Visitor: 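Quick one: structure below, then a few questions.
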Amino acid sequence: MLLGCIGDDFTGSSDLANTLAKQGMRCVQYTGVPGGPAVAHVQAGVVALKTRSIPPDEAITQSLAALEWLLAQGCAQIFFKYCSTFDSTADGNIGPVAEALADALQARSVIVCPAFPGTGRSIYQGHLFVNDVLLNESGMQNHPLTPMTDPDIRRVLAAQSTGQVGHVDAATVLSGASAIRAQLEAEGAAGKRLIVVDALQDSDLIEIGAAAKGLKLVTGGSGVALGLPANFGIDAQNRAEWSGEDGSYVILSGSCSHATRGQIAHHLRTHAGMEITAEMLFKGGATPQDVADWALKTEGLPLVYSSAAPDVVATAQRTYGRKESAQAFEKFFADVARICTASGVRKLLTAGGETSGAVVEGLGLLQLEIGPEIDPGVPALRAGDGLVLALKSGNFGSVDYFEKAARVLSGAAR
Ligand SMILES: Nc1ncnc2c1ncn2[C@@H]1O[C@H](COP(=O)(O)OP(=O)(O)OP(=O)(O)O)[C@@H](O)[C@H]1O
Ligand SMILES: O=C(O)[C@@H](O)C(=O)CO
């Protein structure tokens with residue numbers, strides 16, 4: 001294994017694996033830290049954790065365990081993947097985990113670059129934009145678990161780190177890989193170990209990737225991984241073969257993100273859907289078995305969703321608790337997925353990082369092979385014979401994403 005990756009959620013991990021696979025790396029996504037060695041042909045291993053919104057000390061412990069396993073597989077470079085909207089709580093976990101990994105690897109200059117221009121996320125003067133608005137005006141200020149209210153990534157990171165935060169500005173990035181590397185070294189030498197790097201477009205990320213050659217630790221969104229495979233001499237033309245599955249589908253969405261809600265509204269115009277509310281979970285009204293039975297007997301692309309507008313989510317959180325309601329929905333979706341796959345569903349689409357993590361863990365899927373891209377940041381995945389999946393990050397995908405994903409999972413073109 002050449003490149004070892006640690007993802008703080010499951011959809012984000014498949015987003016990273018998608019980028020690496022598109023750049024020709026033979027890549028596998030693991031659910032948590034594997035119990036044994038990786039098979040020999042894997043060039044990039046992505047250990048998917050569910051550490052984005054748990055207490056920082058637990059996130060550090062899990063991330064260091066992943067690091068230990070990846071180093072034992074021979075990885076020369078470690079990549080810590082977090083969200084392109086820098087999703088974090090007030091305490092972390094991006095800063096605490098990045099610092100713990102940097103300590104363990106004795107890394108002096110660590111890139112921090114959440115940019116993903118393909119999905120509209122760019123960084124200019126340390127500020128994160130989503131398309132043409134700042135992060136705190138993008139809808140992310142209403143996220144159920146990690147509301148983002150400050151667009152200055154340097155300030156957000158400094159508040160959750162022990163050390164000072166450095167910066168490589170856009171003008172330096174536009175000057176190319178050597179200038180970026182020189183500024184990274186200078187910031188590191190000045191004691192600023194975590195260094196926010198501006199990036200506006202893919203060509204910036206390729207230069208940042210080239211500047212990262214030989215660095216022990218790189219952190220960011222999937223975009224900054226674009227330039228890393230070339231450092232290992234990987235040919236971008238290498239692509240794994242993909243064949244889909246026959247059989248029925250189920251779509252499960254616990255994502256309350258803006259893009260997902262638009263995709264759901266679009267999908268419900270032509271497909272059947274069942275909404276799950278907090279009241280149904282906490283006061284009774286639908287069991288996972290009832291819902292799975294409905295999905296199993298519904299033709300086409302049945303959608304089960306709890307996705308709701310920010311005021312509905314806020315009311316549920318006030319009434320039942322933020323953590324309690326999140327966990328109740330996640331467990332519910334994992335149970336529905338278990339019943340559906342045990343009853344013959346072969347194609348599973350999930351929306352939302354936490355939701356997808358709960359489903360993949362609930363199904364006990366240990367590793368996922370990476371198939372073709374459905375939409376930027378979302379690959380088709382194979383969990384072994386008879387089950388293919390697509391794990392969609394909340395804000396990813398076009399408005400007709402669910403139908404497109406269904407086509408790719410069945411082996412057709414997008
Ligand atoms: N109606 C609801 N009320 C309260 N909480 C909800 C509701 N529906 C879902 N949730 C919870 O909100 C959280 C949504 O997070 P999730 O990561 O799944 O989606 P997302 O934030 O859109 O995706 P991503 O992290 O990929 O951007 C989950 O923990 C889910 O259980
Ligand atoms: O980087 C992103 O935006 C996604 O891969 C993700 O992590 C969302 O959960």
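Each ligand, and each atom within it, is numbered from 1 in the order the structure gives. The structure displayed is predicted, hence computed values, not measured ones. The first residue in the sequence is number 1, and the count goes up from there.
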Visitor: Do Phe232 and Gln43 come close enough that some side-chain heavy atom pair is under 4.5 Å?
Guide: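 Phe232 vs Gln43: side chains apart.
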
Visitor: Could you tell me whether Lys323 and Glu330 have a side-chain N and a carboxylate O separated by less than 4.0 Å?
Guide: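 No, Lys323 and Glu330 are not salt-bridged.
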
Visitor: For ligand 1, which atoms sit closer than 4.0 Å to a heavy atom of Pro144?
Guide: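 By the 4.0 Å cutoff, the relevant atoms are 12 (O).
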
Visitor: Taking atom NE2 of His258 as the centre, does the number of heavy atoms from other residues, nucleotides or ligands within less than 6.0 Å exceed 12?
Guide: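 It does not: His258 NE2 has 12 such atoms or fewer within range.
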
Visitor: Considering only the protein, which heavy-atom contact is closest to atom 8 (N) of ligand 1, and what is its distance?
Guide: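 I find the closest protein heavy atom is Ser306 OG, 2.8 Å.
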
Visitor: What residue pairs, at least two apart or across chains, pass salt bridge (Lys or Arg N to Asp or Glu O under 4.0 Å) with a residue in residues 360-373?
Guide: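 Matches after skipping sequence neighbours: Lys22-Glu373.
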
Visitor: For the residue pair Asp91 / Thr89, report whether a side-chain donor-acceptor contact shorter than 3.5 Å exists.
Guide: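 Side-chain D/A pair, Thr89 to Asp91: absent.
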
Visitor: Flag the pair Glu187 and Arg193 as a salt bridge only when some basic side-chain nitrogen lies within less than 4.0 angstrom of an acidic carboxylate oxygen.
Guide: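 Salt bridge between Glu187 and Arg193, a charged N being under 4.0 Å from a carboxylate O: no.
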
Visitor: Looking only at N/O atoms, are Thr260 and ligand 1 under 3.5 Å apart anywhere?
Guide: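 No: no nitrogen or oxygen of Thr260 is under 3.5 Å from one in ligand 1.
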
Visitor: Indicate whether the side chain of Tyr82 and that of Ser88 have a donor and an acceptor atom separated by less than 3.5 Å.
Guide: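 No, no side-chain donor-acceptor contact under 3.5 Å.
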
Visitor: Starting from atom 17 (O) of ligand 1, what is the nearest protein heavy atom, named by residue and atom, and what distance separates them?
Guide: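 In this structure, atom 17 (O) of ligand 1 has Glu354 N, 2.8 Å as its nearest protein heavy atom.
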
Visitor: Would you give the length of the straight line joining atom CD of Gln77 to atom CE of Met1, rounded to the nearest 0.5 angstrom?
Guide: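 Gln77 atom CD to Met1 atom CE measures 14.0 Å (nearest 0.5 Å).
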
Visitor: Starting from atom 30 (C) of ligand 1, what is the nearest protein heavy atom, named by residue and atom, and what distance separates them?
Guide: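 Protein heavy atom at minimum distance: Gly254 O, 3.7 Å.
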
Visitor: Taking non-hydrogen atoms only, is Ser257 closer than 4.0 angstrom to ligand 1 via side chain, backbone, both or neither?
Guide: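 The answer is both, backbone and side chain.
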
Visitor: List by chain and number: which residues place a heavy atom under 4.0 Å from ligand 2?
Guide: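 For ligand 2, the residues that come within the 4.0 Å heavy-atom cutoff are Asp9, Thr11, Gly12, Asp15, Arg52, Lys81, Tyr82, Cys83, Ser84, Arg121, Ser393, Phe396.
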
Visitor: Verify the neighbour count for atom CD of Glu137: are there more than 12 heavy atoms of other residues, nucleotides or ligands below 6.0 Å?
Guide: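 Count over threshold, so yes.
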
Visitor: Geometry only, no angles: is Val313 polar-contacting ligand 1 at N/O separations under 3.5 Å?
Guide: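 Looking only at distances, the answer is no, because the N/O contact criterion of under 3.5 Å is not met.
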
Visitor: Report the nearest protein non-hydrogen atom to atom 2 (C) of ligand 1: residue, atom name, distance rounded to 0.1 Å.
Guide: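 Checking every protein heavy atom, the shortest distance to atom 2 (C) of ligand 1 gives Phe329 CE1, 3.3 Å.
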
Visitor: With a 4.0 Å heavy-atom cut-off (strictly under), which part of Val312 contacts ligand 1: side chain, backbone, both or neither?
Guide: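 For Val312, no heavy atom sits under 4.0 Å from ligand 1.
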
Visitor: Measure the distance from atom 29 (O) of ligand 1 to every protein heavy atom, then report the residue, atom name and distance (to 0.1 Å) of the closest one.
Guide: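 Protein heavy atom with the smallest distance to atom 29 (O) of ligand 1: Glu330 OE2, 2.6 Å.
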
Visitor: Between the side chains of Asn93 and Thr51, does any donor sit under 3.5 Å from an acceptor?
Guide: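 Looking only at side-chain atoms, Thr51 and Asn93 do not form any donor-acceptor pair under 3.5 Å.
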
Visitor: Does any donor atom in the side chain of Glu403 or His271 lie under 3.5 Å from an acceptor atom in the other side chain?
Guide: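 Side-chain D/A pair, Glu403 to His271: present.
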
Visitor: Check ligand 1 against Thr11 and write out every atom of the ligand that is under 4.0 Å from a heavy-atom position of the residue.
Guide: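 Going through ligand 1 atom by atom, the ones under 4.0 Å from Thr11 are 26 (O).
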
Visitor: Show the atom names and distances, to 0.1 Å, of all donor-acceptor pairs under 3.5 Å that link a side chain in residues 390-400 to residues at least two apart or in another chain.
Guide:
{"residue": "Lys392", "atom": "NZ", "partner": "Thr260", "partner atom": "OG1", "Å": "3.0"}
{"residue": "Lys392", "atom": "NZ", "partner": "Gln263", "partner atom": "OE1", "Å": "3.1"}
{"residue": "Lys392", "atom": "NZ", "partner": "Gly394", "partner atom": "O", "Å": "2.6"}
{"residue": "Lys392", "atom": "NZ", "partner": "Phe396", "partner atom": "O", "Å": "2.9"}
{"residue": "Ser393", "atom": "OG", "partner": "Thr11", "partner atom": "OG1", "Å": "3.1"}
{"residue": "Asn395", "atom": "OD1", "partner": "Ala259", "partner atom": "N", "Å": "3.3"}
{"residue": "Ser398", "atom": "OG", "partner": "Asp375", "partner atom": "OD2", "Å": "3.2"}
{"residue": "Ser398", "atom": "OG", "partner": "Asp400", "partner atom": "OD1", "Å": "2.6"}
{"residue": "Ser398", "atom": "OG", "partner": "Lys404", "partner atom": "NZ", "Å": "2.8"}

Visitor: With sequence neighbours left out, write down each residue that passes ring-ring contact (aromatic ring centres under 6.0 Å, His included) with Phe282, or none if nothing qualifies.
Guide: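 Once residues adjacent in sequence are excluded, the partners of Phe282 under the ring-ring contact (aromatic ring centres under 6.0 Å, His included) criterion are Tyr320.
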
Visitor: Counting non-hydrogen protein atoms only, what is the nearest one to atom 31 (O) of ligand 1? Give residue, atom name and distance.
Guide: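 For atom 31 (O) of ligand 1, the nearest protein heavy atom is Ala326 O, 3.0 Å.
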
Visitor: What protein heavy atom is closest to atom 18 (O) of ligand 1, reported as residue, atom name and distance in Å?
Guide: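 I find the closest protein heavy atom is Thr355 OG1, 2.6 Å.
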
Visitor: May I ask you to identify the nearest protein heavy atom to atom 21 (O) of ligand 1, giving residue, atom name and distance to one decimal place in Å?
Guide: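 Here the nearest protein heavy atom works out to His143 NE2, 2.4 Å.
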
